[in-house]
Structure formats: C-alpha cells, structure tokens
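Quick notes on the structure that follows.
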Amino acid sequence: MNTVERAEAAEHALSQELDRLVIMKSTIYTSGERDPRVAVPRPPSEGKRFLMGHDPRLPRMPEKPTLFDFFKYRFGPANHMLQSARLAQKNGVDEKIVLACLLHDIGIAGFIRGDHGYWAAQLVEPYVDEEVSWAIRYHQALRFFPDESVGYRYPELYTKLFGADYTPEPYIHEAYRFARAHKWYMTSRLVTVNDLYAFEPGVEVELEEFTDVVGRHFKQPKEGLGLDASPSSHMWRTIMWPTRYL
Ligand SMILES: [Fe+2]
Ligand SMILES: [Fe+2]
C-alpha cells in the first residue's frame, strides 16, 4: 500500500469503528449551550453499543502511559508551560519550581479551564512533593495580585481579557491572603514570575529537555498514570478516555 492508500484505509477503519459506537457527551461539555437542568438527550443507538473505552477519534495512549505521553497525546500545544519551565531553569530556581512551572497549566492544556490551578494541583498531588502541588494550586490566586518585591505586576493580558474593572471572586482573595502568609508563598510566587514572561512566539522547547527533572521529582506509577490507584488516577483516566458512557 502506498501512503495515500494507507491513509484511506485508516480513515475507512475509523469510520467503521465510529459506526459501531454511540458517543454521548458529558453535561460539562454542553452546559451553557444547553440548560443543564434539562436531561441530556440520549442519542438513538439503533442497536449500536455506547462507547466504554478508547475513543477512536483520539490518538491511542500507550498501555502504561507516562506524564510525557499525556503531554504528547492529550494536551494541546504545551509551549507555554515548556517556555515557563525553561525560563525558571535559566533563572536558577530550585528544580522543584522548574517542575511546578512545567505542570502549572496542565488543567487548561488537558482538562478544564475554570479553576485550572486547583485542578492541576489535584492531578499531580499524589506524584510530586507537597510543595510543588501547593505552588501550582496557589498560582491560580497569586496571578491576580502584584508583588513588587520580585517585580511581579498584574498581567496586562488580564486587563485585555477580563476588562479593567474585573476583580476576582472572594474565594480567590481569601486564597491569596492564606498563601501570602504561608511558608511556601515564594515557591508559588516564582511560578507566577516565570509564567508572566513565558509567552514568546517562535521559541520551541522540547519536552525531553525536562526528562531528568521529571525523572527526579515526578513519581511515575509503574502501572501507568491513570491505571494506578491514587486519589487522582480517575482524573487521568478521564483525560485518557474523555467520552466513555460511564
Ligand atoms: Fe495558570
Ligand atoms: Fe501559565
């Protein structure tokens, strides 16, 4: 088979696989576009099965997925996090902070936007030092508050995105006050410091640049991320198989 024939065969196999399956969307995908108080209509199945595993439209994950596999197959372009981590490294911060920078926005990259710092922290919590997940969790709040002592200003981008009159919810103010007084404040603050200047178009950073840092500070489960029994493995599984019926 030549390349075109191979591509056609693959496409045919995919459409056949899809033909045999019914995919039903979770409430969170459609809430807003539709009223979440109304039941999600179940698509007609006509004798077909509902999807309960791998979604054939997505790249298949390896049997024992690693953190890097999630970056490669499930997260959108991770350049922002990679640039952040490289900048942190260049600034000579502790490796734990480099790791926190590398992971700080995986909530957005692969899961859910709202409260992304909290989601990312929870995802990685079982696999990293407590200080790393703490820093990721509180970058969510600290991003909104300047700290002149380290040259961190309120991001201009936020004024553009949310308007000059935007003020975060009270729970974010509360989280800021708590984090400000915490012994790990500066760890989280350094995530925001390296975050702010990390949007450089055209600068490509390879994931492999951080193989050693991840190897030293991320406890990769031997069963594969999501297939272990940690308090967050279900979240990794949802990222791996986002459209399962149950
Ligand atoms: Fe963020
Ligand atoms: Fe970020």
Side-chain angles (χ1 to χ4, degrees), residues 67-68 70-72 74-91 93-125 127-147 150-163 166-169 171-180 182 184-207 209-210 213-214 217-218 232 235-236 239:
L67 176 67
F68 278 8
F70 277 91
F71 268 89
K72 285 179 196 152
R74 288 295 182 275
F75 297 168
N79 221 12
H80 165 61
M81 288 183 283
L82 291 164
Q83 285 184 9
S84 265
R86 183 191 266 179
L87 181 65
Q89 216 160 32
K90 222 169 72 187
N91 286 336
V93 301
D94 191 282
E95 274 195 352
K96 273 194 270 187
I97 299 172
V98 175
L99 181 71
C101 289
L102 182 68
L103 301 174
H104 77 283
D105 280 341
I106 56 169
I108 293 175
F111 202 34
I112 295 170
R113 293 198 78 88
D115 271 329
H116 74 287
Y118 295 93
W119 285 113
Q122 209 175 347
L123 273 161
V124 301
E125 211 141 47
Y127 313 104
V128 298
D129 190 285
E130 207 186 332
E131 190 175 348
V132 172
S133 52
W134 194 95
I136 295 174
R137 177 169 284 112
Y138 286 98
H139 100 275
Q140 164 96 36
L142 295 188
R143 290 286 267 136
F144 294 104
F145 300 90
D147 183 345
V150 286
Y152 181 82
R153 298 214 184 101
Y154 184 80
E156 266 171 46
L157 180 69
Y158 282 12
T159 311
K160 260 193 226 143
L161 292 176
F162 314 130
Y166 172 74
T167 175
E169 303 276 327
Y171 79 94
I172 291 287
H173 286 266
E174 194 46 55
Y176 168 68
R177 272 191 294 275
F178 171 76
R180 191 75 187 82
H182 198 279
W184 290 333
Y185 166 71
M186 204 34 86
T187 313
S188 191
R189 175 50 80 195
L190 285 173
V191 173
T192 70
V193 167
N194 290 290
D195 194 2
L196 184 64
Y197 305 105
F199 301 92
E200 267 187 76
V203 179
E204 290 288 329
V205 185
E206 296 298 325
L207 202 49
E209 211 171 285
F210 304 100
V213 173
V214 168
H217 301 284
F218 189 90
S232 71
M235 293 162 69
W236 292 96
I239 297 173

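Both ligands and their constituent atoms are indexed starting at 1 by order of listing. Side chains included, hydrogens not; waters and symmetry mates left out as well; all remaining heavy atoms used.
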Arg189: partners by salt bridge (Lys or Arg N to Asp or Glu O under 4.0 Å), with sequence neighbours left out: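 So Arg189 forms a salt bridge (Lys or Arg N to Asp or Glu O under 4.0 Å) with Asp147.
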Protein N/O/S atoms closer than 2.8 Å to the Fe ion (ligand 1):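 Protein N, O or S atoms closer than 2.8 Å to the Fe ion (ligand 1): Asp105 OD1, His116 NE2, His139 NE2.
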Counterpart residues, ring pair (Phe, Tyr, Trp, His ring centres under 6.0 Å), relative to Phe178 (two or more places apart):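 So Phe178 forms a ring pair (Phe, Tyr, Trp, His ring centres under 6.0 Å) with Tyr138, His182.
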Other residues, nucleotides, ligands: >12 heavy atoms within 6.0 Å of Trp119 CH2: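 Counting other residues, nucleotides and ligands, CH2 of Trp119 stays at 12 neighbours or fewer.
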Ring-face cation of Arg137 near Tyr118 (centre distance under 6.0 Å, axis angle within 45°):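 No cation-pi geometry.
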Nearest-0.5 Å distance, NE2 of residue His116 to CD1 of residue Ile106: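 Here the rounded value is 10.5 Å.
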Pairing residues for Asp129 by the side chain to side chain donor-acceptor pair (under 3.5 Å) criterion, not counting sequence neighbours: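 Listed in chain order: nothing, the list is empty.
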